[in-house]
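Quick note: residue numbers are just sequence positions, from 1.
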Amino acid sequence: YRNYTLYPLALYVESERKWQPMVIITRDMQNENLTLPRSQSFSQLPGLADEENTALSSALEYGRMLVDGRQQGLTI
């Protein structure tokens with residue numbers, strides 16, 4: 001995904017007894033002869049899931065939509 005790395009995560013929300021999808025996106029930025037990683041976190045993605053795997057899949061798909069420009073919010 002064009003120099004982006006997606007890290008899907010799932011956080012168990014005890015009060016809801018469900019999984020919250022989250023994603024961290026990193027991108028290496030060139031600055032002269034130096035490569036600097038930049039990252040952006042999305043911790044409140046829509047839709048709680050009953051299962052961890054479902055939340056992870058949802059987080060990964062949301063990250064792909066951000067990188068592809070199908071979802072707004074990515075600024076790195």
Side-chain angles (χ1 to χ4, degrees):
Y1 274 95
R2 296 179 261 149
N3 301 321
Y4 291 95
T5 303
L6 306 175
Y7 297 98
L9 305 164
L11 175 68
Y12 187 70
V13 181
E14 185 70 38
S15 62
E16 299 289 330
R17 303 180 89 187
K18 294 190 182 275
W19 292 89
Q20 171 68 57
M22 304 174 359
V23 66
I24 298 171
I25 301 175
T26 63
R27 181 179 186 193
D28 288 339
M29 305 291 285
Q30 284 294 122
N31 184 3
E32 297 177 14
N33 293 331
L34 201 57
T35 301
L36 304 169
R38 302 274 186 201
S39 67
Q40 188 173 355
S41 302
F42 298 88
S43 60
Q44 296 293 316
L45 299 182
L48 296 175
D50 290 327
E51 297 180 7
E52 183 180 17
N53 286 341
T54 304
L56 290 170
S57 294
S58 177
L60 183 59
E61 180 57 27
Y62 197 87
R64 288 177 177 154
M65 290 189 315
L66 286 162
V67 170
D68 288 344
R70 293 179 284 149
Q71 182 68 39
Q72 293 183 358
L74 187 64
T75 60
I76 58 170

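W19 is not connected to M22 by any chain of hydrophobic side-chain contacts under 4.5 Å among Ile, Leu, Val, Met, Phe, Trp and Tyr, and they are in different clusters. Following chains of ILVMFWY side-chain contacts shorter than 4.5 Å, one can reach L45 starting from L60, so the two form part of one hydrophobic cluster.
With sequence neighbours left out, the side-chain hydrogen bond (donor to acceptor under 3.5 Å, both in side chains) criterion links T75 to Q40. A search for side-chain contact (heavy atoms from CB on, under 4.5 Å) contacts involving Q71 returns Y62, M65, L66, not counting sequence neighbours.
Residue pairs meeting the side-chain hydrogen bond (donor to acceptor under 3.5 Å, both in side chains) criterion with at least one member in residues 48-60, sequence neighbours excluded, are K18-D50.
F42 has its side chain within reach of I25: a pair of non-hydrogen atoms, C-beta onward, lies under 4.5 Å apart. Contact check for T26 versus T5: side-chain heavy atoms found under the 4.5 Å cut-off.
Listed for the Q20 side chain is no donor-acceptor partner under 3.5 Å among the backbone atoms of Q44.
Closest of all the heavy-atom pairs between G47 and P21 is O-CD, 3.1 Å.
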For residues 6-16, run the donor-acceptor check on the side chains, cut-off 3.5 Å, and write out each pair with its distance to 0.1 Å, sequence neighbours left out.
none

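From Y4, atom OH reaches atom CD1 of I76 across 6.0 Å, with rounding to the nearest 0.5 Å.
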